[in-house]
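Every number for a ligand or one of its atoms is a count from 1 in the order of the listing. Count residues from 1 along the sequence.
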Amino acid sequence: MAPPLLLLWLLLAFSPSPASGFSKVRGVNLGGWLVVERWIKPSLFDGIPNGDMLDGTQVQFWSVSLQKYVSADNGGGGNVTVDRSVASSWETFKLWRISDGEFQFRAFGGQFLTLNGEGSLLSATADSPSVNETFYLERNNTRIHLKFSTGSYLQATSDNQLRGNYQGEPGWEDNDATFEMAIVSNALHGDYQLANGYGNSKAKDVLMNHRSTFIAEEDFAFLSQHDINTVRIPVGWWIAHDPDPPAPFIGGSLLALDRAFLWAQAYDIKCIIDLHAAPGSQNGMEHSASRDGSVDWPLPEYISQTLDVIDFLSARYGNHPSLLGIELLNEPSAASVPLDVLISYYTRGYQVVRNYSSTAYVIICQRIGNADPMELFKANIGDSNVVVDLHYYNLFDTFFSNMSVADNIQFIYESREPQLQALNSANGPLTFIGEWVNELNSTSASQLQYQMFGTAQLEVYGAASFGWSYWTLKNDEVHWDFEWNIRNKYLILGSSSKAYPARFSLITLTFGAVLLFFFETV
Ligand SMILES: *[C@@H]1O[C@H](CO)[C@@H](O)[C@H](O)[C@H]1NC(C)=O
Ligand SMILES: *[C@@H]1O[C@H](CO)[C@@H](O)[C@H](O)[C@H]1NC(C)=O
Ligand SMILES: *[C@@H]1O[C@H](CO)[C@@H](O)[C@H](O)[C@H]1NC(C)=O
Ligand SMILES: *[C@@H]1O[C@H](CO)[C@@H](O)[C@H](O)[C@H]1NC(C)=O
Ligand SMILES: *[C@@H]1O[C@H](CO)[C@@H](O)[C@H](O)[C@H]1NC(C)=O
Ligand SMILES: *[C@@H]1O[C@H](CO)[C@@H](O)[C@H](O)[C@H]1NC(C)=O
């Protein structure tokens with residue numbers, strides 16, 4: 001073969017693919033389906049009574065008689081005081097919801113407000129909540145009363161404490177048993193909040209209906225028509241306990257996942273099962289089904305339960321022809337999950353999957369927050385078919401707040417692309433952009449600008465050695481909605497036959513032509 005043709009052949013033959021017989025992942029996430037996130041489909045939460053007081057809601061109390069905030073000094077561990085003029089973290093309590101009128105209150109340090117019987121002082125000293133930590137909350141707009149199980153109310157005392165000895169009905173005028181309640185954070189709306197908010201029987205109706213309508217066979221038809229070859233399916237740990245998971249979680253997600261595998265098979269689409277919500281919560285966010293924002297996953301008992309979930313999923317789907325991979329854990333938090341704990345879990349999780357399948361990809365997710373993307377490439381998780389998942393959003397960081405569209409596109413080429421190239425050539429696991437979206441923190445971008453931003457992302461993420469998947473298939477926020485993007489031509493997908501879209505092909509062709517010209521003229 002003549003030198004120029006050899007070179008051209010080398011260039012064109014360079015077609016990276018994760019495995020023989022399967023081109024790279026061009027995927028879409030089925031977000032908000034088997035793991036609920038309210039912002040994806042807000043109407044799911046519409047029928048919850050006292051719906052602004054779900055688990056994890058953060059509240060502050062201000063005594064109308066003393067005109068001071070209720071405080072758990074040092075974040076807890078002692079008696080509660082009513083003596084602060086300004087409210088901050090010690091004055092903020094997280095709700096644990098028992099019913100629409102009964103609550104427990106968790107102080108900053110994690111302990112619960114407790115009354116050691118009628119007439120005693122309120123303290124923030126209970127490690128786990130039970131009847132002495134449960135209060136009836138009577139509400140009149142922003143004013144509240146807290147009634148103990150014995151029937152007496154908490155009242156502020158002249159020495160700035162809270163005592164459970166107010167007898168009779170306090171009334172809503174200014175008095176020692178009346179407090180102003182401010183809701184200072186209402187950030188969590190996941191499976192825990194939904195199920196516990198509605199209560200078991202209503203939650204069952206809502207979730208059964210959601211799971212059987214939100215994603216349907218037509219969606220798989222749509223995806224396959226648009227050359228999508230993979231779905232990444234977020235699941236919660238309770239799926240392993242179907243049909244009767246621990247309260248408040250609702251069974252039925254396993255049958256829905258079974259249906260997804262059937263549809264996937266019918267439309268020649270592969271599935272990645274993504275453990276999005278792990279026991280104890282790995283990131284404190286609603287999509288990890290956190291109850292109140294705490295991150296307890298690193299405790300050995302939760303890690304061990306998580307491995308059981310991976311074992312369950314691997315046993316059930318390990319030999320299914322539509323299984324592409326199992327993602328061991330979505331978005332562990334860098335602030336709360338130590339790297340060595342995570343690597344140890346990933347290594348054991350890899351072995352569990354391998355016990356059932358020698359070929360399924362084992363996908364490990366990069367920590368979110370302040371973490372070096374290279375950290376997992378150096379860890380030796382397993383011998384074969386290991387993939388590192390990175391989530392690339394030009395959002396969720398003030399860094400992107402005021403960027404123009406052009407700056408956003410430049411960031412894709414000048415920051416994401418070299419990072420991905422470095423990771424691709426790290427001689428470690430394959431790279432996967434498992435979440436990205438055609439959205440930016442700008443209210444005024446035009447359709448053409450969205451197309452350009454989307455094309456830049458597709459081009460750069462198309463170079464990930466395992467592939468990419470869009471977040472997410474359906475969303476009330478239309479720019480996050482894959483189907484809306486395609487139908488409205490805000491995202492122009494290239495054809496899957498090209499490993500790289502426009503720019504790479506252009507470079508290849510131009511470079512090839514120059515070489516040919518060079519060798520033919522000398
Ligand atoms: C709380 O108040 C009780 C009753 O006054 C007192 O015996 C106890 O020492 C106080 N606890 C703390 C930690 O100050
Ligand atoms: C609640 O407080 C009462 C009165 O002090 C006590 O007898 C009881 O054991 C406590 N209950 C629990 C579950 O701790
Ligand atoms: C709420 O408080 C106002 C007085 O501030 C009172 O007139 C009204 O009846 C109260 N509503 C309920 C439901 O108790
Ligand atoms: C693999 O399966 C065997 C037999 O079921 C079991 O004894 C072993 O603990 C499993 N290994 C892992 C890592 O799960
Ligand atoms: C967009 O930027 C604003 C600040 O300009 C910030 O408050 C907001 O959280 C950002 N939104 C996202 C989704 O990153
Ligand atoms: C973004 O721009 C606004 C208005 O110019 C400014 O107030 C804000 O501080 C900027 N935010 C960041 C993160 O630079």
Side-chain angles (χ1 to χ4, degrees), residues 49-50 52-53 61-65 67 76 79-80 96 98 100-106 111-154 161-166 168-182 237 240 273 275 278 300 303-319 326 328-329 343-360 362 364 380-386:
N50 240 350
D52 58 348
M53 295 187 67
F61 300 116
W62 186 78
S63 159
V64 297
S65 59
Q67 311 225 325
N79 291 331
V80 167
W96 279 29
I98 306 303
D100 59 4
E102 289 165 289
F103 299 88
Q104 296 159 345
F105 305 94
R106 200 172 192 192
Q111 286 169 304
F112 293 84
L113 300 187
T114 181
L115 202 59
N116 197 24
E118 173 91 23
S120 58
L121 286 175
L122 188 74
S123 67
T125 51
D127 289 329
S128 64
S130 177
V131 62
N132 288 349
E133 292 73 40
T134 305
F135 299 87
Y136 293 88
L137 187 142
E138 298 172 354
R139 191 176 183 189
N140 183 339
N141 294 318
T142 58
R143 292 202 162 193
I144 60 117
H145 301 140
L146 291 171
K147 186 158 82 170
F148 192 53
S149 60
T150 57
S152 50
Y153 291 83
L154 287 179
Q161 296 195 299
L162 275 176
R163 194 175 284 283
N165 62 352
Y166 188 101
E169 290 292 324
W172 293 110
E173 73 285 2
D174 291 1
N175 61 52
D176 289 333
T178 298
F179 300 84
E180 288 281 344
M181 180 179 75
W237 60 269
I273 305 175
L275 183 62
I303 292 179
S304 154
Q305 288 171 25
T306 309
L307 289 165
D308 292 344
V309 176
I310 298 300
D311 191 273
F312 172 85
L313 293 169
S314 304
R316 190 175 179 97
Y317 300 102
N319 292 312
I326 293 183
L328 298 177
L329 187 66
I343 287 177
S344 154
Y345 164 71
Y346 280 162
T347 307
R348 291 157 72 194
Y350 174 89
Q351 296 299 340
V352 173
V353 177
R354 281 287 165 270
N355 236 3
Y356 298 96
S357 166
S358 57
T359 53
V362 178
I364 58 178
N380 192 14
I381 302 297
D383 293 336
S384 64
N385 288 2
V386 177

- Message: Quiz question: by atom type and distance under 3.5 Å, do the side chains of N165 and S152 form a donor-acceptor pair?
- Response: no
- Message: Between Q104 and T134, is there a side-chain donor-acceptor contact under 3.5 Å, judged purely by atom types and distance?
- Response: yes
- Query: Using heavy atoms and a threshold below 4.0 Å, how should the contact between N132 and ligand 2 be classified: side chain, backbone, both, or neither?
  - Reply: side chain
- Is atom 1 (C) of ligand 4 less than 4.0 angstrom from some protein heavy atom? yes
- Message: As a test of the contact definition, would atom 7 (O) of ligand 4 count as having a protein heavy-atom neighbour under 4.0 Å?
- Response: no
Give me the residue, atom name and distance of the protein heavy atom closest to [atom].
atom: atom 4 (C) of ligand 3; value: W172 CB, 4.2 Å
atom: atom 5 (O) of ligand 2; value: N116 OD1, 3.0 Å
atom: atom 13 (C) of ligand 4; value: Q351 CB, 3.7 Å
atom: atom 10 (C) of ligand 3; value: N140 ND2, 2.3 Å

- Query: Would you say ligand 4 has an N or O under 3.5 Å from any N or O of N355?
  - Reply: yes
- Message: Measuring only between side-chain heavy atoms, which start at C-beta, is L137 closer than 4.5 Å to E102?
- Response: no
- Query: Looking at side-chain heavy atoms only, is the closest gap between L328 and V352 below 4.5 Å?
  - Reply: no
- Query: Is any NZ, NE, NH1 or NH2 atom of the basic residue among D311 and R348 found under 4.0 Å from an Asp or Glu carboxylate oxygen of the other?
  - Reply: no
- Message: Using a 3.5 Å distance criterion without hydrogens, assess whether the side chain of S130 forms a donor-acceptor pair with backbone atoms of N132.
- Response: no
